[in-house]
Amino acid sequence: MAIVYVLNGPNLNLLGTREPEIYGHDTLDDIAGQLEDRARELELEVDIRQSNHEGHLVDWLHEAQAHDAKAVLLNAGAFTHTSIAVHDAIKAIRTPVIEVHLSNPHTREDFRHVSYVGRAARGTIAGFGALSYLLALEAAARF
């Protein structure tokens, strides 16, 4: 069965309690459950991870390629706007990466308008809350 990595960056472990007016009330576990259910329907497997450390995201992107993942759904959190290392890791692998955001960064602070992840990713889905992840999974299933 094809695998899709779902990688989450800093502070996403606090979903559900962190600024719910922006990020919603779903926890990362809630989103994981939704993804697992939909993945089964799509005959996919999801490997869902979260880290507050940039290097973990880089290592996991490399691992996704090494394990011949179908795609990576990446919500890099604040690293989206700061990490050339994550950008370079995406560019270094063949595995397609879909940038995912719960909120729409373009409607927020100016510093969130620049996405190093988006410059390297195959596409971006943002602004639909937890549904953003499911939409990204649907896209990955069609690769």
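This one's a predicted model, so the numbers in the text were calculated from it and none came from an experiment.
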Give the minimum heavy-atom separation between [X] and [Y], together with the two atoms involved.
X: Leu44; Y: Ala141; result: CD1-CB, 3.9 Å
X: Ala92; Y: Gln65; result: O-OE1, 4.2 Å
X: Ile98; Y: Ala136; result: CD1-O, 3.4 Å
X: Met1; Y: Glu45; result: SD-N, 3.7 Å
X: Pro10; Y: Ala78; result: CG-N, 4.1 Å
X: Phe143; Y: Lys70; result: O-NZ, 2.8 Å

Acceptor/donor pairs from residues 116-124 side chains to any protein atom, 3.5 angstrom cut, sequence neighbours excluded:
unit_1: Thr124; atom_1: OG1; unit_2: Glu99; atom_2: OE1; d: 2.5

Do you reckon [X] sits in the same ILVMFWY cluster as [Y], going by side-chain contacts under 4.5 Å, direct or chained?
X: Val6; Y: Phe128; result: yes
X: Val46; Y: Val97; result: no
X: Leu28; Y: Tyr5; result: no

Next item on the list: Please lay out, stage by stage, how Val86 and Val58 fare under the test side chain to side chain contact (heavy atoms under 4.5 Å, CB included).
Entry: CA-CA 6 Å; Val86 172; Val58 170; 4.2 Å; yes
Can you tell me how far [atom2] of [Y] sits from [atom1] of [X], rounded to the nearest 0.5 angstrom?
X: Glu36; Y: Asp47; atom1: CD; atom2: CG; answer: 10.0 Å
X: Leu61; Y: Lys91; atom1: CG; atom2: NZ; answer: 13.5 Å
X: Ile90; Y: His87; atom1: CD1; atom2: NE2; answer: 7.5 Å
X: Ile31; Y: Ile48; atom1: CD1; atom2: CD1; answer: 9.5 Å
X: Glu41; Y: Leu137; atom1: CD; atom2: CG; answer: 10.0 Å
X: Ile3; Y: Thr95; atom1: CD1; atom2: OG1; answer: 11.0 Å

Is the shortest heavy-atom distance from the side chain of [X] to the side chain of [Y] under 4.5 Å?
X: Leu7; Y: His56; value: no
X: Val4; Y: Val72; value: no
X: His81; Y: Val114; value: no
X: Val100; Y: Leu74; value: no

Checklist line | Candidate pair His113 and Asp110, rule side chain to side chain contact (heavy atoms under 4.5 Å, CB included), full reasoning | finding: CA-CA 5 Å; His113 297 180; Asp110 287 347; 3.4 Å; yes
Checklist line | Single hit among Asp29, Leu102, Asn75 for side chain to side chain contact (heavy atoms under 4.5 Å, CB included) with Leu15 | finding: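 The side chain to side chain contact (heavy atoms under 4.5 Å, CB included) with Leu15 is passed solely by Leu102 among Asp29, Leu102, Asn75.
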Item checked: Candidate list Leu57, Leu12, Leu14, Asn13, test side chain to side chain contact (heavy atoms under 4.5 Å, CB included), partner Asn52, passing option ->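 Only one option passes, and that is Asn13.
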Counting N and O atoms only, with roles assigned by atom type, does the side chain of [X] sit under 3.5 Å from a partner on the main chain of [Y], one being a donor and the other an acceptor?
X: Gln50; Y: Gly9; answer: yes
X: Asp30; Y: Thr27; answer: yes
X: Thr80; Y: Gly77; answer: yes
X: Ser132; Y: His101; answer: yes

Note to self: Looking only at the side chains, is there a donor atom on one of Asn8 and Tyr133 sitting less than 3.5 Å from an acceptor on the other?
What the structure shows: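 Indeed, the side chains of Asn8 and Tyr133 share at least one donor-acceptor pair under 3.5 Å.
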